[in-house]
Amino acid sequence: MKDTKTVINPIPYYLAALTILVLSLIFPIYKWGWFIMTAVITAGVLVFSKRKFPDTVVEIEKEPVYDTGIKELDEALKEAHTHLASLKQLERAINDERVSAAVTRMIKAGQVILYELSKKPDKAFKLRRFLNYYLPTSDKLLQSYKKQELLTNRGSNSEEIMREVEDNCETIAKAFETSLDSLYSDEALDISTDIDVLDGMVNKSSSEK
């Protein structure tokens, strides 16, 4: 969920203050006529400069409040939101374009999944394994990938971890999208094969530590 915030550009106000300072050095603005003229000129400078240097409206991430009536699900959704926030940071930090693009797909699917489950909690049983294992494990794996990416001297294990993530990142992204699709079908989601792939990569990543 996103909200907006207006960031005020201070330049117009600096220019208005500078205008007053300059006019006060040239004219006796303590006199009523010059005071009015200074006020009019300063107002004109402020209006013109605000058009030239407008305020900026930025989007900020708003912490969602989950209230499905099911305490365990609310906690799971809140934790899942934390993992998605972590993936957003990784999306910007990871240098490999293919992996970063896969993370983008994971985030988009994950956001819709959380929204749908917050509105239709009765469908949560389909994605219990996704929420409790698949999403946090993917986050952990990609964090490990970023750590390996930052290393200047990588060993063979490190290179293998990165290669496996790069080779399977699209498969993981597809699993996120498949999880989303399952919400709109009556079929239970089976991601056991994908979980096996994740398990293998996580185990290798853990042995590297």
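Remember, it's a predicted structure, so these values are computed and weren't measured experimentally.
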- [ ] First locate atom OG1 of T42, then atom CD1 of I20, and finally report the distance between them rounded to the nearest 0.5 Å.
- [x] 4.0 Å

Task: Separation between CG of L183 and CZ of F130, rounded to the nearest 0.5 Å - done: 9.0 Å

Open item on the list: Between T56 and N9, is there a side-chain heavy-atom distance shorter than 4.5 Å?
Closed with: no

Task: Counterpart residues, side chain to side chain donor-acceptor pair (under 3.5 Å), relative to E149 (two or more places apart) - done: K146

TODO: Would you kindly confirm whether I29 and V22 end up in one hydrophobic cluster when ILVMFWY residues are joined by side chain heavy atoms under 4.5 Å apart?
DONE: yes

Task: S24 side chain to L21 backbone, donor-acceptor under 3.5 Å - done: yes

Open item on the list: With rounding to the nearest 0.5 angstrom, report the CD to CG distance, E72 to N132.
Closed with: 11.0 Å

- [ ] Report yes or no: does S144 contribute a side-chain atom to a donor-acceptor pair with the main-chain N or O of K140 at less than 3.5 Å?
- [x] no

TODO: Return yes if some donor-acceptor pair links the side-chain N/O of K123 with the main-chain N/O of L117 below 3.5 Å, else return no.
DONE: no

Open item on the list: Under a 3.5 Å distance rule, please check whether T82 uses its side chain to pair with a backbone N or O of K78 as donor and acceptor.
Closed with: yes

Pair up each side-chain donor or acceptor in residues 95-102 with any protein partner under 3.5 Å, not counting sequence neighbours, and list the distances.
from : atom 1 : to   : atom 2 : distance (Å)
D96  : OD1    : R98  : N      : 3.1
D96  : OD1    : V99  : N      : 2.9
R98  : NH2    : E166 : O      : 3.1
S100 : OG     : E91  : O      : 2.9

Open item on the list: So does E164 get a backbone contact from the side chain of N168, meaning a donor-acceptor N/O pair under 3.5 Å?
Closed with: yes

Task: Any side-chain heavy-atom pair of L142 and V103 under 4.5 Å - done: yes

TODO: Quick one: sort the F27 and W34 rings into parallel, tilted or perpendicular, breaks at 30° and 60°.
DONE: parallel

Open item on the list: Checking Y66 against H81 for the side chain to side chain contact (heavy atoms under 4.5 Å, CB included) test, could you report, in this order, the C-alpha distance in whole Å, the side-chain angles of both residues, the deciding distance, and whether it holds?
Closed with: CA-CA 10 Å; Y66 296 107; H81 174 79; 3.9 Å; yes

TODO: Go through the structure and list residues passing salt bridge (charged side-chain N to carboxylate O under 4.0 Å, His left out) with K120, not counting sequence neighbours.
DONE: E116

- [ ] First locate atom CG of L135, then atom CD1 of I172, and finally report the distance between them rounded to the nearest 0.5 Å.
- [x] 11.5 Å

TODO: Starting from the C-alpha separation in whole Å, work towards a yes-or-no answer on side chain to side chain contact (heavy atoms under 4.5 Å, CB included) for Y145 and I161.
DONE: CA-CA 7 Å; Y145 176 87; I161 290 169; 5.6 Å; no

TODO: First locate atom CD1 of I113, then atom CG of L180, and finally report the distance between them rounded to the nearest 0.5 Å.
DONE: 5.0 Å

Task: Closest contact, heavy atoms only, S179 versus L127 - done: O-CD2, 3.7 Å

Task: Distance, nearest 0.5 Å, that separates CD1 of I107 from CD of Q111 - done: 7.0 Å

- [ ] Would you indicate whether the side-chain heavy atoms of L87 and L84 approach each other to under 4.5 Å?
- [x] yes

Open item on the list: Given 3.5 Å as the limit, does a donor-acceptor pair link the side chain of D55 with the main chain of T6, or not?
Closed with: no

Task: Chi angles and distances behind the side chain to side chain contact (heavy atoms under 4.5 Å, CB included) call for F176, R105 - done: CA-CA 8 Å; F176 274 61; R105 291 169 55 191; over 6 Å; no

Open item on the list: Between V45 and L18, is the side chain to side chain contact (heavy atoms under 4.5 Å, CB included) condition met? List the steps.
Closed with: CA-CA 10 Å; V45 169; L18 182 61; over 6 Å; no

Task: K108 atom NZ: more than 12 heavy-atom contacts under 6.0 Å - done: no

- [ ] Check for a donor-acceptor pair, side chain of S49 on one end and backbone N or O of L46 on the other, with a separation under 3.5 Å.
- [x] yes

Open item on the list: I'd like to know if the side chain of S118 reaches the main chain of Y115, judged simply by a donor and an acceptor atom lying under 3.5 Å from each other, with no hydrogens or angles considered.
Closed with: yes

